Each structure stands twice: as C-alpha cells, then as structure tokens.
Amino acid sequence: MGNSTFHLASITKKVIMALVGLFLVMFLLVHLGLNFTVLILEGDREIFNKAAHFMGTNLIVKIVEVGLFGFLIVHIIVGIVLQLQNWGARPKRYKKRATTQLSFFSRYMIHTGALIFIFLIIHFSDFYFKAKFTDLVPLITYDGKEYHDLGLLTLQKFKMGGFVIGYIIAFILLGFHLNHAFQSAFQSMGWNHSRYMPFIKKVGLVISILIPLGFTIIPLVIYFSEAYSV
Amino acid sequence: MNITLEIWRQKDAKSKGKFVIYKLNDVSEEMSFLEMLDFLNNTLISKGESPVAFDHDCREGICGSCGLYINGWAHGPAHLTTTCELRMTKFKDGDKITIEPWRSKAFPVIKDLIVDRSVFDKIMQAGGFISANSGAAPEANSIPIPKDNADAAFDAAVCIGCGACVAACKNSSAMLFVSAKISQFALLPQGKTEAKERARKMVAKMDEVGFGNCTNTGSCETRCPKGLKLTHIAKMNREFITAKIVAEKST
C-alpha cells in the first residue's frame with residue numbers, strides 16, 4: 001500500500017483521511033455510549049459485560065470491526081504519507097518564522113496522532129487483546145452463562161492513579177486532534193459552504209470537547225467514588 | 001532610521017548560500033520596502049559589492065513578482081499587501097529585519113532572494129485556460145452570467161500568482177493558488193465546458209511538481225495579499241471529486 005499511496009492525488013488522500021476520520025468519530029461515539037454503562041453497578045456490571053460480549057461476538061459487529069481496524073490502518077498510513085510529503089516539500093526551512101493560521105491544531109495532527117496511537121497500543125493490550133487472545137480476563141456468570149468480566153478489569157484500571165492520568169492526557173490529545181479534524185474533513189470533501197460551514201465548525205468544537213469530556217468523566221467518577229471500590 | 005538587515009545571499013542555484021548582515025543607516029520611513037532594498041543596493045554598488053538580487057516589476061501590487069519572506073512573514077508583517085506595497089513605517093529605528101526567499105522544493109532559489117516560480121506556469125498550461133475558436137471576439141452580453149457568479153469569479157481571478165500561499169504554508173502547498181485559478185473558470189459558463197478536466201489536470205500537475213498537501217491550516221488565507229479564501233480550495237476539491245467520480249474509463 002505504501003508506494004501506491006504516495007502516488008494518489010493529493011486531494012484523493014485528503015478525502016480518504018476525511019471519510020475514514022469521520023467513520024472513526026462515529027465509532028468513538030458508540031464506544032463512549034458503551035463505556036457509560038460501566039458506571040451501572042447493579043447486577044455485578046451485567047449491562048457493561050453483556051454489551052462488551054455482544055460487541056465481541058455479534059457477526060455484524062465483527063464485520064464492522066474488521067472495517068474499523070482497516071480504516072484505522074488506512075488513516076494512519078495515509079496520514080504518515082501526507083506528512084512525509086509535506087515535510088519533503090520544504091527541504092530548506094525558514095530561519096525566522098512567524099505563524100498565523102485559521103486552525104491551530106492542524107499544525108500538530110501527526111504529533112497528537114502518534115501519541116494517540118501509543119495510547120491505542122496500550123489500550124488494546126490492556127483490554128481487547130487480553131479478552132480475545134488470553135485467559136487473563138476474569139470470568140463472571142450471569143444466568144448460568146459465563147462472560148468476560150471486562151467491567152471488573154475497567155474498574156481496577158480506573159482505580160490506578162497513574163493509569164487515570166495517562167488516560168485523561170490521551171483524551172485531551174484526542175480533543176486537540178478532533179478540534180481540527182472534524183471541520184477539516186468537511187473542507188477536504190469540498191463541503192465548505194458559507195451557510196453551513198460556521199455550523200460545522202461549531203459542531204467540531206463541541207465534539208472535540210464533549211468526546212474527551214465524556215471519556216474522562218468515567219475514570220474520574222470511578223477513581224474518586226467509594227461506590228466503585230473493587 | 002537605522003536598521004540591520006539579515007539577508008539570504010546565494011550566488012546561483014547551485015551555491016549553498018548564507019545569511020549576510022548589513023547595517024543600513026538613514027533609511028526614510030517614507031520609503032517602500034523595495035526602495036529600502038534599492039537604497040541598500042546603491043550603497044553596495046558604490047562599495048564595489050554585488051547588489052542583492054530580488055524580483056520586482058510593477059511595484060503596485062498587481063504583477064505578483066515581488067515575494068519576500070520578511071521577519072517570518074510572507075510579504076512582511078502587514079496584511080493584504082504585497083512586498084512592494086509594504087512601507088518602512090511598519091519598522092522602527094534599530095530593528096533587525098530578516099529577509100529570506102520563498103522556501104519550497106518547487107520554487108528553487110535562482111539567486112539571492114529570487115526563486116523560480118515557473119511551475120505555476122506549468123500548472124496553468126495544464127488546464128488554466130478555456131478553449132475558444134479564434135476569430136472576432138463574441139458579443140460579451142450574449143451569455144447571461146448571474147452577477148453573484150461574475151463577482152465570485154472575479155474574487156478568484158484577483159490571484160496574482162505571487163506564491164505567498166506556498167511560502168506561508170507549513171506544507172509548502174500550492175492549493176490556494178491552484179484553487180483560485182480553477183474557481184475563476186468554474187464559476188463562469190465559458191469555463192464550465194472544461195471544468196472537470198481542468199481540475200483533474202491542474203491538480204495532477206500541482207502534485208507532480210512537488211508541492212505539499214493541504215492540511216486546511218489556513219496560513220495561506222491569512223497571508224494572501226489579495227485576500228483569497230479557503231472556500232476556493234473547497235470548490236477545487238468539489239470539482240476534483242466530481243471529476244474523478246464521473247470520469248469515463250480511460251481507453
């Protein structure tokens with residue numbers, strides 16, 4: 001994929017980034033919705049664990065999951081290719097540089113992206129890979145059927161101060177990334193319209209605040225509340 | 001006023017080049033920036049040194065020749081002005097002014113502050129025109145054009161091809177220039193016939209000559225002396241995407 005990606009037209013690459021990025025935003029919203037159910041303690045985290053089980057076993061979800069991983073990889077590869085070309089387009093840098101721009105965080109997409117990727121590796125090895133490929137996740141029985149107790153694993157992680165801080169930092173970075181990404185995706189697809197763009201920019205801003213806020217409220221509640229002692 | 005200039009000197013395209021410091025006294029604040037450079041060059045010539053080479057022509061902001069990167073700004077610190085329109089009133093006594101050429105792989109330095117921007121011509125040759133039969137000019141009012149479209153096309157056509165968008169962009173991307181040229185034709189009936197093909201060909205040439213990709217940062221918009229907007233880039237993207245989608249299979 002690498003070499004042929006270099007030869008795609010610049011706008012084609014941008015459109016790929018936009019479409020895939022917007023899909024990943026949708027996934028974030030679904031993931032966030034599921035995460036909130038971990039705060040429901042009744043029935044030994046039954047809703048969260050059953051939801052996680054559904055996401056891990058349902059055929060349609062599994063097909064979408066393959067697409068999700070594929071899209072994530074495409075987003076990363078195309079993003080890196082774009083960045084390499086952009087760095088290469090100015091071999092000799094300016095000595096003195098004053099910066100102005102309309103979108104500040106666009107300057108740091110590769111950096112925030114790389115740090116989010118590191119978070120994803122840790123995240124996958126903590127939860128996803130552990131549940132898929134190892135027996136390290138404790139089991140719990142509801143109505144005579146065994147489930148992975150990912151809820152317990154989550155609560156344990158969110159009681160660890162260092163993990164919570166790292167988690168919050170990762171989502172602040174994601175917020176920075178989304179702050180540019182959402183409105184930029186519409187611009188890349190050519191949907192910059194005098195009537196709709198101000199609204200799209202506002203939605204982008206709200207999303208870049210609410211998604212990280214939603215994700216980080218959960219560990220904060222768990223960390224500081226006695227109710228979630230495990 | 002007395003100023004210190006730090007100027008990029010490069011003998012020719014193959015030389016390495018370096019910054020040279022010049023002290024310049026008795027600069028009048030009524031001088032334009034280019035007159036200040038003329039003044040510097042006169043003093044250099046009288047001392048038997050080689051003058052600083054810089055591009056200029058009309059000196060009234062319409063030819064697009066005079067791009068300089070001044071103290072970190074494309075065309076200097078003033079807004080909506082070209083380098084030639086910049087006045088020394090923007091500077092004060094004792095200032096150090098760093099002057100660099102546009103930096104881009106696609107704009108190689110020819111000498112000192114002059115860069116080769118002929119790739120812009122290549123992009124125009126790829127599709128920045130309309131095909132028309134020769135002969136007498138047709139009656140201008142025979143094709144009705146909505147006023148809004150005519151105005152919007154003119155807003156795009158004000159691009160003077162100076163290259164400040166490329167110089168200011170962190171990715172050295174030429175998308176604002178190319179999109180202005182695509183927009184100015186795409187908005188008019190005469191340009192519609194070849195609109196899709198034009199977008200495809202001009203973008204292909206832009207990519208080929210080594211400009212970077214657009215990250216929608218918007219530095220170009222903030223530094224364009226003619227106030228061109230990112231909406232042109234969105235328009236170009238729309239033209240390009242539809243061109244790609246509707247294009248027949250090539251035989």
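Note on naming: letters A, B, ... go to the chains in the order of the sequence lines (proteins, then strands), and numbering restarts at 1 for each one. In this text, all values refer to a predicted model and were calculated from it rather than measured experimentally.
- Put simply, OH on A:Y108 and OG1 on B:T217 are 10.5 Å apart, with the number rounded to the nearest 0.5 Å.
- The shortest non-hydrogen separation linking A:A89 to B:G212 is CB-N, 3.4 Å.
- Side-chain contact of B:N216 with A:S188: a donor-acceptor pair under 3.5 Å is present, judged by distance alone.
- Atom NZ of A:K130 sits in a crowded spot, with more than 12 heavy atoms from other residues, nucleotides or ligands closer than 6.0 Å.
- Here the closest heavy-atom approach between residue A:P91 and residue B:S104 is recorded as CD-C, 4.5 Å.
- In the displayed structure, B:K11 atom NZ is contacted under 6.0 Å by at most 12 heavy atoms of other residues, nucleotides or ligands.
- For A:K14, the part sitting under 4.5 Å from any heavy atom of chain B is the side chain, from C-beta outward, and nothing else.
- The two atoms that bring A:K96 and B:K96 nearest to each other are NZ-O, 4.3 Å, heavy atoms only.
- With a 4.5 Å cut-off on non-hydrogen atoms, B:E6 touches chain A through its side chain but not through its backbone.
- Nearest heavy-atom pair, B:R103 versus A:R90, reported as atom, atom and distance to 0.1 Å: O-NE, 2.6 Å.
- For A:T100 (side chain) and B:S219 (main-chain N/O), no donor-acceptor pair under 3.5 Å exists by modelled atom type.
- Heavy atoms of B:R200 lying under 4.5 Å from chain A are absent altogether.
- The environment of A:I60 atom CD1 is sparse: at most 12 non-hydrogen atoms of other residues, nucleotides or ligands sit within 6.0 angstrom.
- Rounded to the nearest 0.5 Å, atoms OG1 (A:T99) and CH2 (B:W73) are 7.0 Å apart.
- For A:H180, the part lying near chain B is the side chain, with the backbone staying farther off; criterion is any non-hydrogen pair under 4.5 Å.
- Interatomic distance, NZ of B:K170 versus CD of A:Q101, reported as 10.0 Å (0.5 Å rounding).
- Residue contact with chain A, scored on non-hydrogen atoms closer than 4.5 Å, involves the side chain of B:F19 exclusively.
- Under the 4.5 Å side-chain criterion, counting only non-hydrogen atoms from C-beta, A:M109 is not in contact with B:T215.
- Using a distance-only test at 3.5 Å, with no hydrogens or angles considered, a donor-acceptor pair links the side chain of B:R238 to the main chain of A:G190.
- Counting non-hydrogen atoms of other residues, nucleotides and ligands closer than 6.0 Å to NZ of B:K244 gives a total of 12 or fewer.
- Top candidate by heavy-atom pairs under 4.5 Å with chain B, chosen from A:Q83, A:R97, A:H193, is A:R97.
- With a 4.5 angstrom heavy-atom cutoff, B:L230 touches chain A via backbone and side-chain atoms both.
- Among B:N213, B:D207, B:N237, B:I233, the single residue meeting the side chain to side chain contact (heavy atoms under 4.5 Å, CB included) criterion with A:I11 is B:N237.
- Distance SG/B:C220 to CG/A:L102: 7.5 Å, rounded to 0.5 Å.
- When the shell of 6.0 Å around CZ of A:F36 is examined, it contains more than 12 heavy atoms from other residues, nucleotides or ligands.
- Only the side chain of B:Y69 comes within contact range of chain A, judged by heavy atoms closer than 4.5 Å.
- The line from OG of B:S173 to CD of A:Q85 is 11.0 Å long, rounded to the nearest 0.5 Å.
- Heavy-atom minimum distance, B:K105 versus A:G88: CD-O, 3.5 Å.
- Proximity to chain A involves both the backbone and the side chain of B:A167, based on heavy atoms less than 4.5 angstrom apart.
- Surrounding CG of A:L205 are more than 12 heavy atoms belonging to other residues, nucleotides or ligands, all under 6.0 Å away.
- B:M175 and A:S10 make their closest contact through CE-OG, 3.5 Å (heavy atoms, listed as atom of the first residue, atom of the second, distance).
- Interface summary for chain A: among B:G210, B:C214, B:A204, B:A106, the most heavy-atom pairs under 4.5 angstrom belong to B:C214.
- No part of B:P77 comes within reach of chain A, as not one of its non-hydrogen atoms sits under 4.5 angstrom from that chain.
- Most heavy-atom pairs under 4.5 Å with chain A: of the set B:A168, B:C169, B:S172, this distinction falls to B:S172.
- With values rounded to the nearest 0.5 angstrom, B:T231 atom OG1 is found 8.0 Å from A:Q187 atom CD.
- The environment of CZ in A:F129 is crowded: more than 12 heavy-atom neighbours from other residues, nucleotides or ligands sit within 6.0 Å.
- For A:F124, the CZ atom sits in a packed shell: over 12 heavy atoms of surrounding residues, nucleotides or ligands are nearer than 6.0 Å.
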